[in-house]
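Input: a single structure, listed below in structure tokens.
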Number of protein chains: 2
Amino acid sequence: MSEAMAAASVRLLPPVGTDLNQPCVVRDVIDRIGDRWSLLVLGHLAESSLRFNAMHRKIGDISKQVLSRTLRHLEEDGFISRTVHQSTPPQVEYALTEMGVSFLQPLKAVLDWADAHHDAITQSRDKFARRY
Amino acid sequence: MSEAMAAASVRLLPPVGTDLNQPCVVRDVIDRIGDRWSLLVLGHLAESSLRFNAMHRKIGDISKQVLSRTLRHLEEDGFISRTVHQSTPPQVEYALTEMGVSFLQPLKAVLDWADAHHDAITQSRDKFARRY
DNA sequence: CAGAATCCGAGCCGATACTG
DNA sequence: CAGTATCGGCTCGGATTCTG
């Protein structure tokens, strides 16, 4: 057993003896971040803070409904902040919190890995498809 | 803009000008890994290779159906290998591939982050709930 | 033992219309 | 501008049953 494997497996699972249905720490994060849009939104906010409709235009193919939900979830978890500027018309600005920024670093590790192995994954899928 | 933010945002989005509906490299990975069980399965296989029913017992609250699907997806993407040992009764062994092992390292970065910020996220959720 | 087939229900996602 | 309300479709996870 390598160091990396042992280290990675430690916190991936709930503590031994606890109810496995209880989401472990990782699941608690993944369940929120691993949806259709969260990473995309965080990615855009990593470049600059944005107002609602500006982000809506930037992403392009997300409905207002879903964008609203995604933003609220990210705000709820503390990844982003929501600032209302009193004016007419109203303006609401979304930005990464300090925690949100800190998440970009581990995220980058995954991105780099995905980037490095994307071709291998694609090839693996093709090979799998040809086999069956 | 910090280095980390700029670096993280680069590959998070599809190339400018391309169809945003096309999944970008990250989405291609997250869409597979970010489901209910994949990380859990990879976590168990990080400890040792396992046969089907052994893993079923270890995880406990996953149906055979879903475990089967999860394993096939991970195999399709090249994270795990599936080895059939001809015998009666048949035995099928699942193990991490080299690529699967290499993924444990970036994964660990996320795990460490999740571990370090889990309390903050929980508190953020509580605070959010009290506000509304 | 290692799955496949079938069916069901919940939740996510989305389009559209409407509001302060 | 920044959302909410309503409704529908579709995918995912799950329970159950059956098979080589």
Which letters describe nucleotides 6-20 of chain C, given B = protein heavy atom under 4.0 Å from base, S = only from sugar-phosphate, - = neither? B------BBB----B

Steps toward salt bridge (charged side-chain N to carboxylate O under 4.0 Å, His left out) verdict (A:Arg125, B:Asp28): CA-CA 12 Å; A:Arg125 286 178 189 169; B:Asp28 227 29; 3.4 Å; yes

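Going from atom NE2 of B:His73 over to atom P of C:dG3 covers 15 Å, rounded to whole Å. The distance from atom CG of B:Leu50 to atom P of C:dA2 is 11 Å, rounded to the nearest whole Å. Distance CG (B:Leu67) to C1' (D:dC12): 15 Å, rounded to an integer number of Å. Atom CZ of A:Arg51 and atom C1' of D:dG3 are 14 Å apart (whole Å). Computed from coordinates, the A:Asn53 CG to D:dT4 P distance equals 13 Å when rounded to whole Å. The separation between B:Gln86 atom CD and C:dC1 atom P is 17 Å, rounded to whole Å. Following rounding to the nearest Å, B:Met55 (CE) and C:dA2 (P) show an atom-to-atom distance of 10 Å. Distance B:His56 NE2 to D:dT16 P: 12 Å, rounded to the nearest Å.
Ion pairing between B:Asp126 and B:Arg130 fails under the 4.0 Å rule for side-chain N and carboxylate O.
Comparing C:dA2, D:dG3, D:dA2 by their nearest atom to the side chain of B:Phe52 picks out C:dA2.
Taking the six-membered ring where tryptophan is involved, the planes of B:Phe79 and B:Phe103 are perpendicular, since the angle between them exceeds 60° and thus also 30°.
Residues in residues 54-77 of chain B take part in no ring pair (Phe, Tyr, Trp, His ring centres under 6.0 Å) pair, two or more places apart or across chains.
The nearest heavy atom of DNA chain D to A:Pro89 and to A:Arg72 marks one nucleotide each, and the one closer to the 5' end goes with A:Pro89.
In this structure a side-chain-to-backbone donor-acceptor pair under 3.5 Å is present from A:Thr122 to A:His118.
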